[in-house]
Amino acid sequence: MAFPEIDTSYWKTKDPDWMAARKAEWPRIQLMLKASKPSKALSAIKQYYLKGTMPDWDKFRDWDNPERHLDIFLFIWLHPSWDEAVLTPLRDAYMASDLIVVSDISQGIGNFLRWSTVMACQDYAGYEEEWGQFLYTDGHNELLFKVLMGDLSKTRYELEFIDRGLGREKVIYDLPQSNLHSIHTMGTWLCIKTMLPFNNDMLFQYDLPLDWWYQSCTKDERFFDRDVYGKGQKPLIEKALWRIHHFDTGKEGDTCRTRFVTKMRKILDERPFIKDIKTMWEKVKAGEVQVEDPWER
């Protein structure tokens, strides 16, 4: 593959039914993107979505808009194939190309992670009619995470790009990390009264993203007492641990949240954490922790 030349046979442009379905779907895609992508970007993204036509990378090279156009997330998500073996080489070629700029990667992956974790853990009661504006991948978050982030054994990339025509430069890009505080986000997910499809694909329920979170957890035994930030995290994380332990899986039934809670309890029971987390978890299980309004966000 010589990026940006890609195999466009996946776009069945000569099949009228396929094209009609693709065109009918575009307004929904556009609605999700218009808050973050300017019209010039949407035009380029639309051509890729419908026909596999790549943007004019040279023309867009010096465009400083931070959101730009066909970032790495959109490049993978809007491809017609959902075959990991097809998408992974595309991701690798994108990241190895000197046509892209760093924000094409950092913004794309960052937006995907934000929407599939923090935003997917919010309760949108009363806003159900507006959820079509949220970035929803039709249940493909797990695959997209695996393709975009790799197997997590490699987190640092040396990217080469041409800096405004002045010459080739290299820059180090580190994949985003999660953090211990994300357990609070997980806890808020358990409080949602009415789950929307957008909520049901929350990323941390899946094994690889959950391991990504765990590997990013602090190893600093003084995390909670080192500074004001750490002290402020303790009650939030304690409440999240309470919710994980007390979540009524019997009432919930066999759902994504029940499966998540089962995994998290096992992780908290069996894997190493800093002493404060282990102590909080044991106190929660022993009934020694009382939380005010535990199921209110």
Checklist entry - Do E252 and T255 have a side chain donor and acceptor closer than 3.5 Å? => result yes
Item to check | D254 and R259 ion-paired at < 4.0 Å | outcome: yes
Checklist entry - Any ion pair linking D269 and K285 (charged N to carboxylate O, less than 4.0 Å)? => result yes
Item to check | Interatomic distance, L208 atom CG to Q215 atom CD [nearest 0.5 angstrom] | outcome: 10.0 Å
Checklist entry - What distance do H246 atom NE2 and L241 atom CG have between them, rounded to the nearest 0.5 Å? => result 10.5 Å
Checklist entry - Charged N to carboxylate O below 4.0 Å: is that the case for K146 and D207? => result no
Next on the checklist: Between D83 and S81, do the side chains contain a donor N or O and an acceptor N or O under 3.5 Å apart?
Outcome noted: no
Next on the checklist: H69 and ring-ring contact (aromatic ring centres under 6.0 Å, His included): which single residue from Y48, W57, Y49 fits?
Outcome noted: W57
Checklist entry - Are F134 and Y124 close enough, and set up right, to give a ring pair (Phe, Tyr, Trp, His ring centres under 6.0 Å), and what steps lead you there? => result CA-CA 11 Å; F134 308 152; Y124 297 99; 4.4 Å; yes
Next on the checklist: What verdict does the ring pair (Phe, Tyr, Trp, His ring centres under 6.0 Å) test give for W77 and H140, after you've listed the backbone C-alpha separation in whole Å, the side-chain angles of each residue and the deciding distance to 0.1 Å?
Outcome noted: CA-CA 9 Å; W77 173 40; H140 291 107; 9.4 Å; no
Checklist entry - Once the angle between the rings of W115 and F198 is folded into 0 to 90°, is it parallel (under 30°), tilted (30 to 60°) or perpendicular (over 60°)? => result perpendicular
Checklist outcome for this item: Taken to the nearest 0.5 Å, the spacing of W26 CH2 from I45 CD1 works out to 6.0 Å
Next on the checklist: Please evaluate residues R68 and D71 with respect to the criterion side chain to side chain contact (heavy atoms under 4.5 Å, CB included), reporting the C-alpha separation (whole Å), side-chain torsions for both, the decisive distance (0.1 Å), and the verdict.
Outcome noted: CA-CA 7 Å; R68 286 176 54 83; D71 61 55; over 6 Å; no
Item to check | Separation of L143 CG from Y206 OH (nearest 0.5 Å) | outcome: 10.5 Å
Item to check | Donor-acceptor side-chain pairing of T218 and D220 below 3.5 angstrom | outcome: no
Checklist entry - Aromatic rings H181 and H184: how do their planes relate, parallel, tilted or perpendicular, breaks at 30° and 60°? => result tilted
Checklist entry - Salt bridge between D138 and R28, side-chain N to carboxylate O under 4.0 Å? => result yes
